Amino acid sequence: MGSGILENLRLGALDGIAALIVILVVVISAVAIIAVAIVNCIKAAKEHKDALEDKAEDEFFAEYGVTGEEMRLNRQLSEKRAKLLSNKRIREELLDEEHLIIVHDTVEVPVEAESSPVNEQPSQPVSEEPVRQEPPVEERNEKTVEEPAPAVVAEETAPEPVKEEKAEEPKPVKPEKSALKKKPDDWSKYDGEYEGVYYDPEDACYYEGTPSPALAKKLAAKKAELDAEAKKNRKEVIVKKITPPFLALKTPKNKRNEPAKVDGFDESIIYGKYIVEHVSKEDGSEEYFYTLYSPSNKILYQSSNYSALEYVQRAITRFQTHVLVGSFLVEVEDSKFFFELRRKSYVHKGDPQNSFEEANALISEVKKYAQTDIIREQ
């Protein structure tokens, strides 16, 4: 029956199988054309949707004087900058790990030296003393990796040349390491002596408590220098003050207002910002305070209150320093979680969060945006 249909099938001058092939080609071509048309319609619809989204985004950012494309480029630049800083930190960590390996290798040297023959005792103290007295020096000395030399000592052929190299190598490294550790003191915020607090030139701020003996000696020398200069200029010498005016006030935190909008492009939507506010009290006094905001205007940290604008500005600088050199931890109280930033006797306390994860995420945002240089008053 099938062969009868093929025999009766005719398409113009073609009949049979030839006609069937032509019909199949026409059908396949039609299906392909329809598929291409459908794909083009879907693509056109998607492009139209993307164009509408871009237009809406441009209209949103037009208020700040910038287009959505420029915002995306700014975000990409910010991400690449963060990636470069991360790569630099990773490289430094890898270098630190290499130094640690060198230290572990050198620690094993005294153990091998103890098992050496008795006839080599006169030269043993030369090799042991530099290793035990100056272990940090050998962290920077890459040549100390060659210290399988004690194993060569047992050959009784050339023990002295190897030990002479060990004694000479640490000497040029010592001044280099001490120079790296040295940090210049910053006396720009030094206002004299106050009762109950002391000035730390390393962080350029005051801390409650008493200084260490070394720092107390340095503070006494600084005070003597300023006293001598004051007498030379016939001015009053620095006297001990009772109440440091720059310390935070023991008053409840004030309510924060919404950050005011700025004209043109607002860089804080990328880098975050500090907002400084103040309120007038019924007794006629003023209280100043600052708030750290994320790019989306989320509150990351609220400061205590201060008696003057210059003191709240100093507090911002102190907070930025403590974020870099202080230690973060998460505490819990009344089923609420909050972070604490500690540096010596100073403690910065974050706002309460509902979970440990939220408090930990807040720490990451504080570290990311605390160093912004955008500080505004309102």
Side-chain angles (χ1 to χ4, degrees), residues 1-95 97 258-259 261-273 293-300 337 353-369 371-372 374:
M1 181 177 177
S3 59
I5 295 175
L6 289 176
E7 291 177 356
N8 296 328
L9 184 62
R10 181 177 295 276
L11 183 63
L14 303 176
D15 58 355
I17 297 177
L20 179 62
I21 293 174
V22 172
I23 293 173
L24 290 176
V25 170
V26 172
V27 172
I28 293 173
S29 300
V31 171
I33 292 172
I34 294 173
V36 170
I38 294 174
V39 170
N40 288 335
C41 291
I42 295 174
K43 184 178 178 181
K46 184 178 182 302
E47 290 177 352
H48 180 67
K49 182 180 178 182
D50 292 342
L52 292 177
E53 291 178 353
D54 291 342
K55 182 179 178 182
E57 190 177 38
D58 290 340
E59 290 176 354
F60 174 78
F61 289 111
E63 184 179 353
Y64 302 99
V66 67
T67 64
E69 182 64 24
E70 289 174 341
M71 281 301 305
R72 285 190 290 273
L73 291 175
N74 282 330
R75 290 195 192 101
Q76 291 175 6
L77 288 174
S78 179
E79 291 173 358
K80 289 184 180 297
R81 181 174 177 272
K83 186 177 180 181
L84 287 174
L85 293 175
S86 176
N87 291 340
K88 183 178 179 182
R89 285 194 293 267
I90 293 172
R91 183 170 176 268
E92 292 175 353
E93 291 175 1
L94 291 175
L95 290 176
E97 290 179 1
E258 287 290 330
K261 293 184 178 181
V262 298
D263 297 332
F265 175 63
D266 187 359
E267 292 182 346
S268 68
I269 62 176
I270 301 175
Y271 305 109
K273 59 181 172 288
Y293 288 91
S294 71
S296 60
N297 281 343
K298 173 186 176 182
I299 294 180
L300 304 181
F337 297 81
Q353 307 294 317
N354 294 324
S355 65
F356 173 84
E357 289 74 15
E358 290 181 4
N360 202 36
L362 195 61
I363 292 176
S364 299
E365 290 190 276
V366 169
K367 290 181 178 179
K368 185 174 183 180
Y369 298 110
Q371 305 307 321
T372 178
I374 302 175

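The shown structure was predicted, so the numbers you read here are calculated from the model rather than taken from an experiment.
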(Q) I'd like to check the salt bridge (charged side-chain N to carboxylate O under 4.0 Å, His left out) partners of Lys298; sequence neighbours left out, ordered by chain and number. (A) Glu365
At what distance, to the nearest 0.5 angstrom, does [atom1] of [X] lie from [atom2] of [Y]?
| X | Y | atom1 | atom2 | value |
| --- | --- | --- | --- | --- |
| Ile363 | Gln353 | CD1 | CD | 10.0 Å |
| Thr372 | Tyr293 | OG1 | OH | 14.0 Å |
| Lys83 | Gln76 | NZ | CD | 12.0 Å |
| Ile33 | Ile28 | CD1 | CD1 | 12.0 Å |
| Leu77 | Ile270 | CG | CD1 | 8.5 Å |

Q) Between the side chain of Ser268 and the main-chain N/O of Pro295, is any donor-acceptor distance below 3.5 Å? A)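 Here the side-chain-to-backbone pair does not exist.
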**Q.** Distance-minimising heavy-atom pair for Leu300 and Leu362
**A.** CD2-CD1, 3.8 Å
Q) Of all heavy-atom pairs between Tyr369 and Tyr271, which one has the smallest distance, and what is that distance? A)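 Closest approach of Tyr369 to Tyr271, heavy atoms only: CD2-O, 3.5 Å.
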Those residues that, when tested against [X], pass side-chain contact (heavy atoms from CB on, under 4.5 Å) (two or more places apart):
| X | result |
| --- | --- |
| Phe337 | Val330, Val332, Phe356, Ala359 |
| Glu357 | Ser355 |
| Leu24 | Leu20 |

Applying side chain to side chain donor-acceptor pair (under 3.5 Å), can you list everything that pairs with [X], at least two apart in sequence or on another chain?
| X | answer |
| --- | --- |
| Ser296 | Ser294 |
| Lys46 | Asp50 |
| Asn297 | Lys273 |

Q. Which side-chain hydrogen bond (donor to acceptor under 3.5 Å, both in side chains) pairs, counting each pair once, include a residue from residues 25-44, with sequence neighbours left out?
A.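 The answer is none; no pair qualifies.
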